[in-house]
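Scroll down for the structure; my scribbles are underneath it.
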Amino acid sequence: MRTVIFCSGSFFPLSVVAGSIYLKNIPSSYFRSFWKTDCGRIMLNKKLDRGHFLGKTPEGVRVLAFSTPTAGLVLSNLVNTFLASSGIDKNTYRVVEVRTPGSAILALGWLLLTAFPIRRAGKALIDSYLERIYPILAQTVNLDGNFQISDN
Amino acid sequence: MKVIYHCYGGAHSSVTAANIHLGLLPGDGTPRYRDLAGQRLFDNNKFEDSGKICFMGRDSLGNEIYIVGRRSRPQLLYSVIEGLQDYFDVNPRSYLIVDMSDQVNISMKIGGFLSRRLGLVSIGRPLVTWGTLRAYRGILNQVGNTKELLKSSAPSTGRGLISTAKTEVNL
C-alpha cells in the first residue's frame, strides 16, 4: 500500500496540517475556521510521536502524520531509515519533512493553548503563525508530497 | 533479529558496542587507543545524521547490528518504531533496542561535544577516546547482556523486543 508520511518537529503538529492539505480536507490557503475542522481536533487531542492515520486519498494513498515538539530532523531520519531497514519497498512510501521557521512563536502559542487557562491568546498566536507559514506548508505539500510511486 | 544500539550522538558508545558485538573489538580485556580511535564510524557522524539508523554488520548468528543517535529523545525512538510497526505490519518481535547512554562518562560527553558539536576534533577526539577506554568494561558487559538476551529471545519463542538489555519490555 502506498503511503505519504508527514513529519514535523514543532510544538504545534504542523504535519497534521500538511497531511490534511494533502488529503484536501482543508483548503490550501489559510482560513480562520481551522480549529473547527477534524484537523484542529486531532491536534488538540492526540499525541503524535507514534503517528496518526489521517486518511486515504481517492487514489488509495494512505496519509500518516508524525510530530514531536523538537527534533524534527531526528524524527524524519528515524522514519526513513527504519522503513528502509525493515525492508519496506522505497517506491511505496514517501517521507516529507515539514520545516518550521520561526517556531518560537508557535511554541509559545502552543504553551498558552495547552498549559495555561488563556487558551484564546494561545489560539490567536498560533493563528497568526499559521497564517504566515501556510504558504510554505502548501508549497511543501505540492513539491514534496506529490510524487509518482510504483504500484509494484 | 535486528539489534539497534542507540545513544545521544550515535558516534561513540553505540559504535563501540556494535563493533564489540560484531567481534571487531576484543570481547575480553581493553583494546588499544588506536583500535578504538580507528573504528569504523567512531567520532565520525554529523548533526544531520541524527536519527539515521545505520547498518554496522551481521554477527555470527546472523543478527543485523545497527546504531543510531537519537539526541536526548530515547522515547521518540521507541514511539516511532512502535507506530511504524503498526502501520507497516513489521514484526514487532524482530527488533532489540539497546540504550547505551548509561555507559557514557563525563569524558565522553565533553570530548564528544568538543569534537562533534564544536568541531574541535584535535582536542575532543583524544578525550572521548580516553573516556571510551575507561567505559569499555561497562560497554562490554552490556553487549554481553544483549547477546544473552538474543540467545533467549529467538523470534520463535515469542519473547519481547524493545529492551535496554536490562529491562525487557514486551510489546
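Given the structure is predicted, the values throughout are model-derived calculations rather than measurements. No hydrogens, no waters, no symmetry mates; every other heavy atom, side chains included, goes into these values. The sequence lines fix the lettering, A, B, ..., with proteins before strands; numbering per chain opens at 1.
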**Message:** Quick check on A:Arg99: does its CZ atom have over 12 non-hydrogen neighbours (other residues, nucleotides or ligands) under 6.0 Å away?
**Reply:** no
With a 4.5 angstrom heavy-atom cut-off, is it the side chain or the backbone of [X] that approaches chain A, or both, or neither?
X       : answer
B:Val68 : side chain
B:Phe47 : both
B:Asp86 : side chain

Which value, rounded to the nearest 0.5 Å, describes the distance between [X] atom [atom1] and [Y] atom [atom2]?
X       : Y       : atom1 : atom2 : value
A:Phe82 : B:Ile4  : CZ    : CD1   : 6.5 Å
A:Leu75 : B:Arg71 : CG    : CZ    : 14.5 Å
B:Tyr66 : A:Ser85 : OH    : OG    : 4.5 Å
B:Leu84 : A:Ser86 : CG    : OG    : 8.0 Å

ILVMFWY network linking [X] to [Y], side-chain heavy atoms under 4.5 angstrom:
X        : Y        : answer
B:Phe42  : B:Met100 : yes
B:Tyr8   : A:Leu78  : no
B:Leu77  : A:Leu73  : no
B:Leu114 : B:Leu36  : no
B:Leu118 : B:Ile123 : yes

**Prompt:** Quick check: does any side chain N or O of A:Thr81 sit under 3.5 Å from a backbone N or O of B:Ile53, one acting as donor and the other as acceptor?
**Reply:** yes
**Complete:** Between A:Arg50 and B:Tyr87 the two heavy atoms that sit nearest each other are O-CE1, 3.6 Å
**Fill in**
For A:Asn77 and B:Ser50, the nearest pair of non-hydrogen atoms, with its separation, is ND2-O, 2.7 Å
**Item:** Non-hydrogen side-chain atoms of B:Arg73 and A:Thr68 separated by less than 4.5 Å
**Value:** yes
**Asked** When only pairs under 4.5 Å are counted, which of A:Ile88, A:Ile5, A:Asn80 shares the most heavy-atom pairs with chain B?
**Response** A:Ile88
**Message:** Going by ring pair (Phe, Tyr, Trp, His ring centres under 6.0 Å), name the pairs with one or both residues in residues 114-139 of chain B, residues two or more places apart or in two chains.
**Reply:** none
**Request:** Heavy-atom pairs under 4.5 Å with chain A are the metric here; pick the option from B:Ser79, B:Gly69, B:Cys54, B:Gly83 that has the most.
**Result:** B:Ser79
**Request:** Begin from the C-alpha positions of A:Thr3 and B:Phe88 and carry the test side-chain contact (heavy atoms from CB on, under 4.5 Å) through to its verdict.
**Result:** CA-CA 9 Å; A:Thr3 311; B:Phe88 285 86; 3.9 Å; yes
